[in-house]
Amino acid sequence: MASIDRSALSGLIPEPVTREIMQGAIAESAVLRMGRRLANMSSKTQTINVLDALPSAYFVNGEATDSGAGEAFKQTTKMAWDKKKLYAEEIAVIVPIPEAALDDADYDIWGEVKPRLTEAFGKVIDAAILFGTNKPSTWRTGVVPAAIAAGNGVPVGTSVFDDIMGENGLISKVELDGFNPNGVMSAIQMRGKLRGLKDTTGQPIFKSDMQGATRYGLDGMDMYFPMNGAFDPNQAQMIVGDWNQLVYAIRQDMTFKIFTEGVIQDPSTKAITYNLMQNDMVALRAVMRLGWEIANPVNAYNADKANPFPFSVYGKAGTVATVTVTPSAVSVKKGQKQTFAAVVSGDGIVSGDVEWSQTGGTKSSISDDGVLTVGSGETGSSITVTAKSKQDSSKTGTATVTVTT
């Protein structure tokens with residue numbers, strides 16, 4: 001039997017439309033949230049003074065008497081400061097919209113656009129500072145590549161707990177360089193791996209804390225999972241560091257300006273894409289300028305280290321290329337000791353752990369940390385010290401020791 005059904009009346013039945021535009025939460029810059037903000041910059045460049053050498057103190061050997069000062073002389077010392085520069089670079093974007101479309105829209109279009117531009121700016125800032133992605137030429141190397149270059153990379157191993165909490169793990173890397181790690185930034189993919197981690201007493205080390213600076217904590221540190229799309233899990237799974245050392249300054253805070261006249265050109269061809277007046281368009285321009293640096297001052301714990309760095313990186317294992325032992329050639333007397341160091345380099349995150357061995361010495365031995373002890377009764381005239389990469393046993397480095405009396 002024929003009837004007028006709902007499909008026949010589809011053009012007549014009004015369909016309500018929700019007023020809410022479905023979208024995710026606005027995610028701003030994770031780096032600017034965790035780093036330390038300095039006073040606003042007053043020009044394009046700004047210099048910060050960083051402690052570069054520590055003073056020393058000495059015991060005075062005795063005291064002055066009637067017979068003279070003797071050895072009671074107070075010694076002198078000095079301090080030194082180095083200069084680092086912040087370069088303010090500009091981030092900008094233009095959003096053109098036809099005036100007719102703007103007038104006909106039943107929403108506050110600019111109110112919807114501005115928060116997303118804030119998120120987009122945060123993504124660009126985080127990618128440049130963390131990974132060096134599309135960074136301006138004046139900006140320093142990103143946190144992740146700089147940490148890896150400093151030997152503070154930890155490749156993913158068989159135990160997530162040992163990789164992060166171990167004696168030479170992710171957190172320890174920062175501590176061994178003389179810094180106190182106070183924050184963790186991680187890819188969202190790590191949360192599943194962290195939930196099951198427990199300390200030696202069975203207590204979880206990854207916790208949810210609604211009273212902390214962030215919702216999560218790891219080993220007493222605030223932990224943050226950036227959601228603006230800048231964190232690249234292919235380059236790093238987790239970053240631990242002393243975030244007070246990452247400093248930034250704003251030259252121009254994010255500002256918005258609406259234009260009704262002017263032209264917009266293609267950046268590549270320089271051809272005019274839009275003429276706002278002729279095309280009856282309105283354009284919103286967003287601009288921001290800022291600079292950043294890693295202060296990395298010398299302190300009492302790392303004054304003797306060659307290249308201390310306040311951040312460490314956890315991620316996929318890279319490829320070991322070379323193992324270099326220093327000193328490469330040295331003479332050591334019988335009964336004396338010599339300390340060797342090994343640098344493992346390669347592509348991506350490689351483990352700096354090596355296994356030490358020595359050949360040619362019948363009365364000599366080498367410790368797990370690279371200290372060679374030449375026996376007092378050593379009969380060999382030459383010893384070869386070898387450092388073998390624990391990540392790739394095919395990669396080794398050697399040093400030659402000439403035994404002297």
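With sequence neighbours left out, T322 forms a side chain to side chain contact (heavy atoms under 4.5 Å, CB included) with T324, S345. Under the rule for a salt bridge (Lys or Arg N to Asp or Glu O under 4.0 Å), the partners of R140 that lie at least two apart in sequence or sit in another chain are E293. F206 is linked by a ring pair (Phe, Tyr, Trp, His ring centres under 6.0 Å) to Y216, counting only residues two or more places apart in sequence or in another chain. Evaluation of the side chain to side chain contact (heavy atoms under 4.5 Å, CB included) rule for D347 yields no partner, not counting sequence neighbours. A search for side chain to side chain contact (heavy atoms under 4.5 Å, CB included) contacts involving D253 returns R37, I250, M288, not counting sequence neighbours. Partners of T141 by side chain to side chain contact (heavy atoms under 4.5 Å, CB included), not counting sequence neighbours, listed by chain and number: P145, A146. Applying the ring pair (Phe, Tyr, Trp, His ring centres under 6.0 Å) rule to Y314 yields no partners; only residues at least two apart in sequence or on another chain are considered.
Contact between P308 and N296 at its shortest, heavy atoms only, is O-ND2, 2.9 Å. Across A387 and V325, no two heavy atoms sit closer than the pair CB-CG2, 3.7 Å. In plain terms, the two heavy atoms of V154 and D163 that are nearest each other are CG1-O, 3.6 Å. Counting all heavy atoms, side chain and backbone alike, A249 lies closest to L38 at CB-CB, 4.3 Å.
Interatomic distance, I129 CD1 to L246 CG, rounded to the nearest 0.5 Å: 6.0 Å. Rounded to the nearest 0.5 angstrom, D222 CG and M185 CE are separated by 11.5 Å. Taking OH of Y248 as the reference point, atom CE of M41 lies at 13.5 Å (rounded to 0.5 Å). How far CD1 of I383 is from OG of S364: 3.5 Å, rounded to the nearest 0.5 Å. With rounding to the nearest 0.5 angstrom, the CD1 atom of I171 is 7.0 Å from the CD1 atom of I164.
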Which side-chain N or O atoms in residues 326-338 pair as donor and acceptor under 3.5 Å with protein atoms at least two apart or in another chain?
{"unit_1": "K334", "atom_1": "NZ", "unit_2": "E378", "atom_2": "O", "d": "3.1"}

Exercise answer: donor-acceptor pairs, residues 86-100 side-chain atoms, under 3.5 Å, sequence neighbours excluded:
{"unit_1": "E89", "atom_1": "OE2", "unit_2": "T138", "atom_2": "OG1", "d": "2.5"}

Acceptor/donor pairs from residues 230-243 side chains to any protein atom, 3.5 angstrom cut, sequence neighbours excluded:
{"unit_1": "D232", "atom_1": "OD1", "unit_2": "N234", "atom_2": "N", "d": "3.0"}
{"unit_1": "D232", "atom_1": "OD2", "unit_2": "Q235", "atom_2": "NE2", "d": "3.1"}
{"unit_1": "N234", "atom_1": "OD1", "unit_2": "K316", "atom_2": "NZ", "d": "3.1"}
{"unit_1": "Q237", "atom_1": "NE2", "unit_2": "P233", "atom_2": "O", "d": "3.0"}
{"unit_1": "D242", "atom_1": "OD1", "unit_2": "N182", "atom_2": "ND2", "d": "3.4"}
{"unit_1": "D242", "atom_1": "OD1", "unit_2": "N244", "atom_2": "N", "d": "3.2"}
{"unit_1": "D242", "atom_1": "OD2", "unit_2": "Q245", "atom_2": "NE2", "d": "3.3"}
{"unit_1": "W243", "atom_1": "NE1", "unit_2": "G183", "atom_2": "O", "d": "3.0"}

Which donor-acceptor pairs under 3.5 Å do side chains of residues 390-405 form with protein atoms, sequence neighbours excluded?
{"unit_1": "Q391", "atom_1": "OE1", "unit_2": "S351", "atom_2": "N", "d": "2.7"}
{"unit_1": "Q391", "atom_1": "NE2", "unit_2": "G318", "atom_2": "O", "d": "2.9"}
{"unit_1": "D392", "atom_1": "OD1", "unit_2": "S394", "atom_2": "N", "d": "3.1"}
{"unit_1": "D392", "atom_1": "OD1", "unit_2": "S394", "atom_2": "OG", "d": "2.6"}
{"unit_1": "D392", "atom_1": "OD2", "unit_2": "S394", "atom_2": "OG", "d": "3.4"}
{"unit_1": "D392", "atom_1": "OD2", "unit_2": "K395", "atom_2": "NZ", "d": "3.3"}

Trace of the side-chain contact (heavy atoms from CB on, under 4.5 Å) decision for L218 with I205: CA-CA 6 Å; L218 179 67; I205 63 171; 3.9 Å; yes
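In this structure a side-chain-to-backbone donor-acceptor pair under 3.5 Å is missing from T386 to Q358.
Under the ring pair (Phe, Tyr, Trp, His ring centres under 6.0 Å) criterion, no residue pair touches residues 249-278, with sequence neighbours excluded.
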